Amino acid sequence: MKKLIALLLCLLMVLPAAALAENAVDTFTSASVANFYGDYGLAGDALMEAVNSQSGCYIVCTTNPDGSPNAGYFIFAIKKLDDKYYLQLGLAPNQSQMNLNANGEGLAVYAANPVEGAKPYAVSGARIRFAAIADQAVIDALMADARQGAMFFEIVEVQPLG
C-alpha cells in the first residue's frame with residue numbers, strides 16, 4: 001500500500017509540471033520556487049546506487065510530437081563512465097522511445113520509498129534532466145555490458161524533488 005501511495009504522489013508531483021511543457025515554460029527549474037526537499041536530494045554516486053536498487057518510484061517524461069507531455073512509469077538505471085553519469089533506458093517500441101529518438105531529451109524522476117517512521121510520502125530523490133550523447137565512443141563503451149536495445153543519455157542536470 002505504501003508503494004502505491006508513493007507512486008501516486010510521484011505522479012501528482014510530475015504531471016502538473018509536464019502539463020506546462022507545451023507552453024514553453026521551463027518546468028525543470030521553475031516547477032517549484034523553492035527546494036523544499038533540498039536536504040533530501042540525491043546526486044552522484046548516492047543517486048546512482050538508489051536508482052540501481054530498483055526500489056522506489058521511477059518516471060520518465062518526454063514530449064510528444066504535438067508538444068503534449070508524455071509520462072511513463074518504468075525502471076531506469078544510471079551508469080558511471082569516466083566520472084560522468086548516464087541514464088540507461090530499456091524501452092520497447094512505444095511513444096516514449098519515439099519521442100526520445102525524435103528530440104533526444106527528457107526528464108526522469110526518481111523518488112525513494114519513504115523510510116519507516118519518516119514522512120509518509122516520498123521526499124528523497126531527484127529530478128534528472130537528460131540528453132542524447134553525441135560521442136559514439138561513449139555509447140559503445142556504455143553498451144559493452146548492456147542488453148541489446150538499451151538507450152543511453154547523458155545526465156545534464158540534477159535537482160531535488162519539489
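Side-chain atoms are counted along with the backbone in the values below, which use heavy atoms only and exclude waters and symmetry mates. Just so it is clear, the model here is predicted, and its values are computed rather than measured.
- Of all the heavy atoms in Ala126 and Leu42, the pair that sits closest is CB-O, 3.5 Å.
- Qualifying side-chain hydrogen bond (donor to acceptor under 3.5 Å, both in side chains) partners for Glu49, counting only residues two or more places apart in sequence or in other chains: none.
- The shortest side-chain heavy-atom distance between Leu161 and Val123 does not fall under the 4.5 Å cut-off.
- With sequence neighbours left out, the ring pair (Phe, Tyr, Trp, His ring centres under 6.0 Å) criterion links Phe76 to Tyr58.
- Applying the side-chain hydrogen bond (donor to acceptor under 3.5 Å, both in side chains) criterion to Ser124, with sequence neighbours excluded, gives no partner residue.
- Taking the side-chain contact (heavy atoms from CB on, under 4.5 Å) definition, one finds that Asn103 meets it with Thr63, Glu105, sequence neighbours left out.
- Taking SG of Cys61 as the start and CZ of Phe130 as the end, the distance is 8.5 Å to the nearest 0.5 Å.
- Each salt bridge (Lys or Arg N to Asp or Glu O under 4.0 Å) pair with one or both residues in residues 89-102, not counting sequence neighbours, would appear here, but there are none.
- Through side-chain heavy atoms spaced under 4.5 Å, either directly or across other Ile, Leu, Val, Met, Phe, Trp or Tyr residues, Met98 is tied to no other residue.
- Note that CG of Leu100 and OG1 of Thr62 are 5.5 Å apart. Values are rounded to the nearest 0.5 Å.
- Using a 4.5 Å cut-off on side-chain heavy atoms (C-beta onward), Ile59 and Leu107 make no contact.
- Nearest approach of Gly56 to Asn113, heavy atoms of both residues: CA-OD1, 3.3 Å.
- Shown here are the side-chain hydrogen bond (donor to acceptor under 3.5 Å, both in side chains) partners of Asn101, two or more places apart in sequence or in another chain: there are none.
- Scanning for side-chain contact (heavy atoms from CB on, under 4.5 Å) contacts around Asn94 gives Leu91, Ser96, Gln97, with sequence neighbours left out.
- Two residues are said to be in side-chain contact when any heavy atoms from C-beta on lie closer than 4.5 Å; Pro65 and Asn99 meet this criterion.
- Listed by first and then second residue, the side chain to side chain donor-acceptor pair (under 3.5 Å) pairs involving residues 140-150 are Lys79-Asp145, Gln136-Asp140 (not counting sequence neighbours).
- The backbone N or O of Asp66 lies less than 3.5 Å from no partner atom in the side chain of Asn64, so there is not a single donor-acceptor pair.
- Contact annotation: the side chain of Leu47 never approaches that of Tyr85 to less than 4.5 Å [non-hydrogen atoms, C-beta and beyond].
- Arg127 places a side-chain N or O within donor-acceptor distance of the main-chain N or O of Pro160, the cut-off being under 3.5 Å.
- The CE atom of Met48 sits 9.5 Å away from atom CD1 of Ile155, with the distance rounded to the nearest 0.5 Å.
- Other residues sharing a hydrophobic cluster with Ile133 under the 4.5 Å side-chain heavy-atom criterion for ILVMFWY residues are Leu81, Tyr86, Val138, Ile139, Leu142, Met143, Phe152.
- A continuous path of ILVMFWY side-chain contacts below 4.5 Å connects Phe74 to Ile78, so both sit in one hydrophobic cluster.
- Here salt bridge (Lys or Arg N to Asp or Glu O under 4.0 Å) pairs that include residues 84-93, with residues two or more places apart or in two chains, are Lys84-Glu154.
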